[in-house]
Amino acid sequence: MRILITGASGNLGAYLLRHFRSSEHEVVAWSGGWRGELFGVGVEPVELTDARAVARAFDRATPDAVIHAAAVSAIDACHGNPERAMAVNASAAGWLLTLAAGRRFVQVSTDLVFSGDKGDYRESEQAEPLSVYGRSKRAAEPAVTACWFAQSLVVRLGLLYGPSLTGRPNFFDRTVLALAAGRPLTLFDDEWRNPLGLAAAAAALAGIATSDFVPFREIHHARILHVAGPERLSRYELGCRIAAVRGLPTGSLVRGSRVDHLAPEPRPRDTTLNCSRWRQLFPHHDWPSVEAGLEAMGAGRP
Ligand SMILES: NC(=O)c1ccc[n+]([C@@H]2O[C@H](COP(=O)([O-])OP(=O)(O)OC[C@H]3O[C@@H](n4cnc5c(N)ncnc54)[C@H](OP(=O)(O)O)[C@@H]3O)[C@@H](O)[C@H]2O)c1
């Protein structure tokens, strides 16, 4: 198969490129502005808000399947520019979906489409996002689940962790640096998600996109899959797990509360995803604990 990966220069995209490197599939990789080569694949900048540029690049790409991972993913950036968040995260997904007529289309979404009131969310439950980011990601979903001309599917991911492969430090890298330097780092202990390693998330997306499984053809919420880790953890607990695996002291970790945090938008309490449907359909997909996930990514004790 020939697979188009958008957001290939991002945290997840780089792990997707690395995953496909050792597969039989061919990959076409797009970024927003980043230009270069990752894992032997040339990454081409394609601005997703430029419909003509997207159409031209899509014609050149001629993919059999699309994994649409590109997004304005920073919550603050989305809050600061809601129009751009909507244009990149929602409208562009609609254009790409139209171009993907007759092909497979996997829309990467997020647990932050949920309000966080209850946790353990199933695919069929009402999504009521609290942030601009969550609303823009949610806005992309209905077209994907209702589309009749593409074999389309929404995959909602939990919080992702693991070392950056692109040189741009992410949450994991910043946590390790702070722990190693003994620099105080406040992490919420009252906000829960079920984190999944970036490598496992990439492998799951690749497996889903290249499989012949039924939900590509089912209707509405049946065309959503929840993919996240096996453990319900707060950011603080995740920080402690990372410290333990790296053999670093946790003395500089400070317990924080999302309630006391002065943020422009409310933060959801518990957006853990119920992954039983994914596990039932793909029992062979890797589903690592944080410790196993970090070891598998070579991110254990240096
Ligand atoms: N990270 C998480 O914990 C998490 C959890 C759940 C779901 N997700 C979802 O997973 C996906 C990947 O997240 P990530 O953490 O890998 O994000 P990321 O590191 O911020 O990467 C975003 C990617 O999107 C590209 N992009 C941004 N704006 C664009 C535009 N206007 N046109 C074209 N490309 C654009 C970026 O290109 P440049 O590098 O050139 O800017 C980059 O390749 C997103 O859909 C996100 O919503 C992430």
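Whatever order the structure lists them in is the order used to number ligands and atoms, beginning at 1.
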- prompt: Can Arg223 and Ser152 be counted as having a side-chain donor-acceptor contact under 3.5 angstrom?
  reply: yes

- prompt: Do Trp34 and Leu12 belong to the same hydrophobic cluster, where Ile, Leu, Val, Met, Phe, Trp and Tyr are linked whenever their side-chain heavy atoms lie under 4.5 Å apart, directly or via other members?
  reply: yes

Ring centers of Tyr121, Phe114 separated by less than 6.0 Å: yes

- prompt: When Asp270 is tested against each of Arg232, Lys118, Arg193 for side-chain hydrogen bond (donor to acceptor under 3.5 Å, both in side chains), which residue passes?
  reply: Arg232

- prompt: Ion pair present between Arg35 and Glu44, side-chain N to carboxylate O less than 4.0 angstrom?
  reply: no

field: side-chain contact (heavy atoms from CB on, under 4.5 Å) partner of Leu157, chosen from Val108, Leu225, Leu112
entry: Val108

message: Just to be sure I understand the cut-off, which residues have at least one non-hydrogen atom under 4.0 angstrom from an atom of ligand 1?
response: Gly7, Ala8, Ser9, Gly10, Asn11, Leu12, Ser31, Gly32, Gly33, Trp34, Val46, Glu47, Leu48, Ala69, Ala70, Ala71, Ser73, Arg84, Val88, Val108, Ser109, Thr110, Tyr133, Lys137, Leu157, Gly158, Leu159, Leu160, Arg168

